Structures are given as structure tokens and as C-alpha cells.
*Asks:* 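Handing you this structure, nothing more for now.
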Amino acid sequence: MTGKILSGLNEAQREAVHTVEGPVLILAGAGSGKTRTLTYRIAYLVYEKGIPPYHILAITFTNKAAVEMKERVHRLVGGVANQIWIHTFHAVCVRILRREIPHLGYRRDFVIYDTVDQSSLVKDCLKELNLDPQRYAPKGILAAISRAKNELMTPRMVAKRAEDLYDEILARVYQVYQRRLLENNALDFDDLIMQTVLLFRKNPEILDYYQDRFRYLHIDEYQDTNHAQYVFARLLAAKHRNICAVGDDFQSIYGFRGADLRNILDFEKDYPEARVIKLEQNYRSTKTILTAANEIMKHNQGQKFKELWTENEEGPPISYYEAEDEVEEAEFVAAEVRRLKREEKLALSEIAVFYRTHAQSRVLEEVLLRERIPYHIVGGLKFYERKEVKDILAYLRVVHNPADTLSLERIINTPRRGIGIRTLTRVKEYARRQALDLYDALKLAAAGQIGQIKEKSRQGVRSFVTLIEQLREIKDACPVDDLVRMVNEKSGYLAMLRKENTYEALSRMENIQELVSVAKDFEERQQVTGAAGPGEGGLEAFLESVALVSEADNVDTGAGAVLLMTLHSAKGLEFPAVFIVGLEEGVFPHREAVFEASELEEERRLCYVGITRAKRHLYLVRAFQRTLYGNTVYNGISRFIEEIPRELLREVERGDEAAVSGFQTPAPAGGFKAGDRVSHKVWGVGTVVGTRGIGPEAEITVAFPGVGLKRLLVSIAPLEKLQ
DNA sequence: TAGCTTGTATTTTTT
DNA sequence: ATACAAGCTA
């Protein structure tokens, strides 16, 4: 096995795999075989060192990365891989908290609040404190609370450090916010990490248990850790000190959300005995591309020295193009995409376009649409944040946990049951006085034990309580998808939508159906993995799985369409041909980021990330003028262009390609692809010209003669595909 | 309560 | 320009 494991590795990678005792920092440059090294290392621990798999923990940032690593480890070590914990930070903490959280005063069946929930909770808190949301923007408050939690600051600590009135108010809101979370038996995303740390700090014996459980710790993307995550890892590693941090300070692009570059830069201070291993050989890009990337990064101060090199060929020069405006910029991209396809024989899915902000995607989209080039936009829409989906999930959450007042209030009168503000206020008031949960007070109200409530409202309350009670009775006995179906029907939610009789309602109904499918998939997966019998603990697990997923986990790269995405979403991917557009001062680097040196450096790292995605063809594009917020601006050339040695660049002319139509490539959107003929109930026959999103999000743009372009959700639109 | 008007911001994103 | 949210009228 040793030979097998080590044969495909270079010197540095081999060292990284071998060095399993004590702290190790693996500085893994872009395209240096990081995941390979990490997975081999885990295999080495199991096979060569005979470490029991349950002593190994690997932490990633995204579900996607976790799944990928699990699969690759599984391929190396087989079934025992299932005993290795490979999860995101949040998932690891949830698993720990599910066992231990009673020590913190929450119940084990806590729910996880997402950003939408958080926002309504903050608004509630502001109301409770009689604060003007104009003056104290919920968004800002929420951001500050999140920052505080990332820094492991409790409300009390925030109060103590307050420097002005705003800080004092903030501390108050934060305090109320935490109290409300506790009352609702809920945790937000940041809490998952922070509460686990607090748990460890408060209960040394619990920490001790997990330290012994996870003797071999791996943290991927270490440069993206925030302070709370850093402390979490440090605590876990403190006893056995076998921590393997993997990361690349050059690819730290999430400072704006709390990632602290110092975590990786100071690793050797935290662990003086640490071995530092640099993976600098790149297997992805041409020499030209790597030189450009290295040169750009020389303009950043205070990062670890690292220079990528490769045995790959020189490759073609980097193309630089200066467009008139953003439309011409997009036209250039379109023309070059055609050329790459024709002359370089690239598939469309081998080509990607990166931009700094989402707003830039529109013009690109319009032009590609016009040019009949299939494209696919990564990111954007969110299935789980849609109102109807959140409503149904709120029902399930209340069924699972009646103390979840936020969810309860969300659905108590949806569909309408005649329970208005007045009734609700009365019951809430009663609950407060009697120190009851809102749900228990509702039960009393239904039984007529709370005065001042009209008979009609009481009936509404009664029907609501009955519904929840019914569902609670069966929740452990039936599969989750049946439960969802039951909520849809018995709550009257579907009936309400059916009555509306609008396209929008139809779309909402389809989304709810989609949620049933999600639940069904989930249930089937549970059966396969043998995690539980039908329904058994399924609801809780289901709610958790939807709370921790994100759409971005499935960037579909095999889709036969040009991929359009922000530079941030590009991290971790690679393409034979890459376009980076909008290379102008104020766009990229972004105007908001040029005042502060640290932010500018993050922009530069973002540029580095973009460039190092390219295997062979790299295009850097700027527009002479562009329309921004409604007026024309003339931005200078991005400094990043200036930082690339001239001899690596070749300024190109616009290659006007005769528009050739007829791309016949598969696309991901619900089985539709550009070029398909479809029939629509209302608009008749049309041609698919673009796709966007996946799964329940999938959207297609269709050209209907005489009607124009229409954007349709595949899952809901009354569409039929014509052979 | 829906639909309208008015105001305001407008990087990047995961869980 | 535009999108989205909050406030206001029918």
C-alpha cells in the first residue's frame, strides 16, 4: 500500500503525507494537488499507521468539498472511510452540540436559523426594544452580531467594549437576540461554532473527550478560518497536537466575512514545533500563466513567500483586450468563445467567464443570448429562501419543536385562520405573564381558557393546534416526504394557492412539490445508508440537512455551456480557457476596496485566484467606458494588468466571427438546452436560448416569435419540449 | 390586504 | 438603471 500511495506523489507531497505526528502546515499553492495530498495522508494514517478511522477528523468549508473528499478517501480506503469524520465546520459542531448542548441550557432538538430567520428575529428584537429600524438598520446590526460571534464575543463583552451609543444599543440588541434564540431553542450559523467553543471552555471534561476522540485533525482552507473556527481547532488539537492545517494564504478572499489571514500566517507561532511544507509545483497551468500570477502577488506585502512553478509548457501569451464599452466587451468574449471552439476545439464547458460583481453578468448574458451561445450562470437564486418553501419548512419546524416561536408566528395565520395581530398579541401577553411557551398558551386559548378572544379566532387557533398535534403524533412513524405532503394538504396551504389561480401561485405550488421530492430523496438516502427506519428521527435529520445545504454545492461543470460566475465562486475550479472581464480601476479592484491596503490586497488575491484557474488560455478584458448605476464612467486600466510583465501579454484585436448558429450541446437546466424547441401554453412555440440555475432553480430563457424573450422556471412553467 | 408610490442602496458568500 | 423594501392608500 505504501508504494501505491506514495508513487504518484512528488517530494513535497510525499513529505506532507508522511508527516502525521505533530502540527503540520501545508501551504498548498493553486493547482498543486492539495486534495490529493490530503486524501492520501488520511489513507496513510489508516493503512500505514494503523490509526483507527474514528480518530480522524477532516474539516472543510463547503459541503461540496466535504463530499468530494469523502468520495476520494473512500476510493483509497474503502468502507472504513465511513468511520472518518469528514464534514464542514458547521456540521461537525452540530454533531457535537446534538449530544452536549444541554450543558448550555438548550435542548438537543434545537433548530438552526438561516439568514432570513435571523433578519426577522433582529427586527423583532428592535421592536421589543422600541428602536427605530431606520436608525438601527437590521442588516447592520446583524452583521455586527455575526462579527461579534466570529470573534467569540458575548453580548456582555460587546457591552463592555462599547465606545459609543451605537455600540451600547448593539450590545442590548445582541443580548435580546441571544435570549430569544434560547427561548426558541434555536441557534444561528455563527452560534454553531461559538457555542461549541463556549461549551468546550466551560466543560473541560467534554473537551477532553473530543480531544481523545479526534487525535488526528485536518483543517482544509485554513486561510478562510475566522477566529471562532480557529479557536475551535486549537482547542481540539491542544492535547495531542496532531493538527494538519492546509491552505494557501494567497487564496484568502473571504476577509470580508471574518476570515482571518493571521490564523495561517501565525501557525508557527501557535505551534512552534510545526513542520511547514510548501507545495509549489503546479500541475494545472502554463508557465506564462503562473509567471503572471506570481508577479502580481509580489505586490502584496506580508504574505508568506511562495512561488509556483511548473513543468508544463510555456503556452500561448495572455490575451489582453480593450473594449469600447461593456457591450463590446461581451461581444469580444462571444467572438473568442466561437474561435476557441472552432480553432482550439474546446467544448463550451471548458470555457469560463469571471467577473467581480453579479451585476456584470447581465450584459454578458444578453449578448450570449443574442449570439446563441449556450451559457450557464453559477450562483444567484435560492430555493430554500423562497417564501412558500420557508412556510412549509416552518410548519415542519414547529411540529418538531413547538418552542420555535419564530416559525410559529410565521405560519400561525398562513393560510388565514382569522388569527390576527390582536389575537396573537393577547396570547403572547398571556404566555409572557404565565411564563409559558407561545405554543402552550395557544393550546389554552384553543380550549377557551384565555378570555377576550373572539369565537372565530378561537376556532382558528383550535384548528391550528389540532393540526400541529396531529402531525406531532405521526411525525416519528411516517416518512418525511409524507409528512411534507400532509403539511401541504392539511394546513390548507395548497388549497390557498390553488384558489389564487395565478401563474405565481402555480409556481409556488410547484416549488412545494419540489420540496416533497427533496424530502423523498432524503428519505431514500436514509434507507440506503441505513441511518434510520422510515420516519425514525427523520424529521430532525431532514430539517438539519436542508438547513446546512447550499445551492452552490453543485456547480455543474459538465453542462455543455459557457460558465459565468463571480471570481469568488471560481475558487477551487479550473478551466482550459478563462476570461476575466471588467479589469478596470473601480470595478476590479472594486471601488470600495481601494482605500484600505488590506482590502486592496484581498482584491489582488482574488485576481490571483482568477488567473490560476486557467490551464492554458487566459483573457484579460477591460472596457474603456461603461454604464454604472445609470451613468457613464471612464475607468482607468486595472492596476493588476499593469502588474503583469508586458512580454507575457499580447494585445488582441476584435476577431469578428461570422455568427454561426447551431451549438448542439447538452445543458443542465431541467433537460432543456439552448436550441431546443418548446411549446408554452400561453406564448406558443419558441426556442430555448439560455439556461441558468439547476434543480428547482433551473431557469431557461426562451425566444417566442412575436412575443420576445421570456424567462421561465423549468419546474413550474407550462412547457412542453418538442422533439 | 393588495397594489401602488417613494426611497435607497448598489462587492464578494458559506453555513 | 434598477431592484428591493418600506410606507401608504383604496
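Every value quoted in this text rests on a predicted model; they were computed, and no experiment measured them. The chains referred to below are lettered A, B, ... by the order of the sequence lines, with proteins before strands, and numbering in each begins at 1.
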*Asks:* Starting from the 5' end of DNA chain B, give me the residue, A/E602 or A/N413, whose nearest nucleotide shows up first.
*Replies:* A/N413

*Asks:* Provide the distance between the two P atoms, one in C/dC4 and one in B/dT13, to the nearest whole Å.
*Replies:* 16 Å

*Asks:* Within this structure, what is the CG-to-C1' distance between A/N63 and B/dT13, rounded to whole angstrom?
*Replies:* 14 Å

*Asks:* Going by atom types only, do A/H87 and A/R95 share a side-chain donor-acceptor pair under 3.5 Å?
*Replies:*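 Yes.
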
*Asks:* Is a side-chain donor-acceptor pair under 3.5 Å present for A/T414 with A/D391?
*Replies:*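 The answer is no; no qualifying pair exists.
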
*Asks:* Checking all strands, does A/K571 fall into the base, sugar-phosphate, or nothing category for heavy-atom contacts under 4.0 angstrom?
*Replies:*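 No contact at all - A/K571 keeps every heavy atom at 4.0 Å or more from the nucleic acid.
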
*Asks:* Does CD belonging to A/E128 count more than 12 external heavy atoms closer than 6.0 Å?
*Replies:* yes

*Asks:* Could you state the atom-to-atom distance from CD of A/Q118 to C1' of B/dT15 in whole Å?
*Replies:*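 Whole-Å distance recorded here is 10 Å.
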
*Asks:* Answer with base, sugar-phosphate or nothing: what part of the nucleic acid does A/R416 contact at a heavy-atom distance below 4.0 Å?
*Replies:*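 Answer is sugar-phosphate: A/R416 comes under 4.0 Å of backbone atoms only.
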
*Asks:* Measure the distance from CG on A/L543 to C1' on B/dT15 and round it to the nearest whole Å.
*Replies:*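 Distance check: A/L543 CG to B/dT15 C1' gives 16 Å.
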
*Asks:* Just verifying a value: how many Å separate A/W85 CH2 and A/F214 CZ, rounded to the nearest 0.5 Å?
*Replies:* 4.0 Å

*Asks:* Where does the chain A footprint on DNA chain C start and end, counting 5' to 3' with a 4.0 Å heavy-atom cut-off?
*Replies:*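 Contact boundaries, 5' end first: C/dA1 to C/dA6.
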
*Asks:* For A/Y254, which contact category applies under a 4.0 Å heavy-atom criterion: base, sugar-phosphate, or nothing?
*Replies:*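 Sugar-phosphate contact only.
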
*Asks:* Can A/E642 and A/R639 be counted as an ion pair, charged N to O under 4.0 angstrom?
*Replies:* no

*Asks:* Separation of A/D117 atom CG from B/dT15 atom P, in whole Å?
*Replies:*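 So the CG-P distance, A/D117 to B/dT15, works out to 17 Å.
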
*Asks:* How many Å lie between CG on A/D188 and C1' on B/dT14, as a whole number?
*Replies:* 13 Å

*Asks:* Given A/T115 and A/Q118, is the side chain to side chain donor-acceptor pair (under 3.5 Å) satisfied, shown in steps?
*Replies:* CA-CA 5 Å; A/T115 28; A/Q118 289 184 55; 5.5 Å; no

*Asks:* What is the minimum heavy-atom distance between A/D114 and A/K390, and which atoms define it?
*Replies:* OD1-NZ, 3.0 Å

*Asks:* Between atom CZ in A/F189 and atom C1' in B/dT13, what is the gap in whole Å?
*Replies:*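 A/F189 atom CZ is separated from B/dT13 atom C1' by 12 Å.
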
*Asks:* Using OP1 and OP2 only, check whether a side-chain N or O of A/S569 sits under 4.0 Å from B/dT13.
*Replies:*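 Checking B/dT13 against A/S569, a side-chain N or O does come within under 4.0 Å of OP1 or OP2.
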
*Asks:* Does the structure place the NZ or CZ of A/R98 under 6.0 Å from the centre of the six-membered ring of A/F110, at an angle of no more than 45° from the ring's axis?
*Replies:*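 Yes; both conditions hold, so A/R98 lies above the ring face of A/F110.
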
*Asks:* A/F61 has an atom CZ; how far is it from atom P of B/dT14, in whole Å?
*Replies:*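 Atom CZ in A/F61 sits about 12 Å away from atom P in B/dT14.
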
*Asks:* In this structure, how many angstroms lie between the C1' atom of B/dT13 and the CG atom of A/L567, rounded?
*Replies:*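 Rounded to the whole Å, the gap is 13 Å.
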
*Asks:* Determine the minimum heavy-atom distance between A/D224 and A/S252, stating which atoms define it.
*Replies:*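 Reported closest heavy-atom pair: OD1-CA, 4.2 Å.
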
*Asks:* Restricting both atoms to N or O, compile the protein contacts to nucleotides 7-11 of chain B shorter than 3.5 Å, with distance only.
*Replies:*
{"residue": "B/dT10", "atom": "OP1", "partner": "A/K139", "partner atom": "NZ", "Å": "3.4"}
{"residue": "B/dT11", "atom": "OP2", "partner": "A/Y629", "partner atom": "OH", "Å": "3.1"}
{"residue": "B/dT11", "atom": "O4'", "partner": "A/H590", "partner atom": "NE2", "Å": "3.2"}
{"residue": "B/dT11", "atom": "O2", "partner": "A/R356", "partner atom": "NH1", "Å": "3.2"}
{"residue": "B/dT11", "atom": "O2", "partner": "A/R356", "partner atom": "NH2", "Å": "2.2"}

*Asks:* Could you tell me how far B/dT12 sits from C/dA5 if I compare only their P atoms? Round to whole Å.
*Replies:* 15 Å

*Asks:* Name every donor-acceptor pair, under 3.5 Å, that has one atom in a side chain of residues 588-598 of chain A and the other anywhere in the protein, sequence neighbours excluded.
*Replies:*
{"residue": "A/H590", "atom": "ND1", "partner": "A/E592", "partner atom": "N", "Å": "3.1"}
{"residue": "A/R591", "atom": "NH1", "partner": "A/G586", "partner atom": "O", "Å": "3.2"}

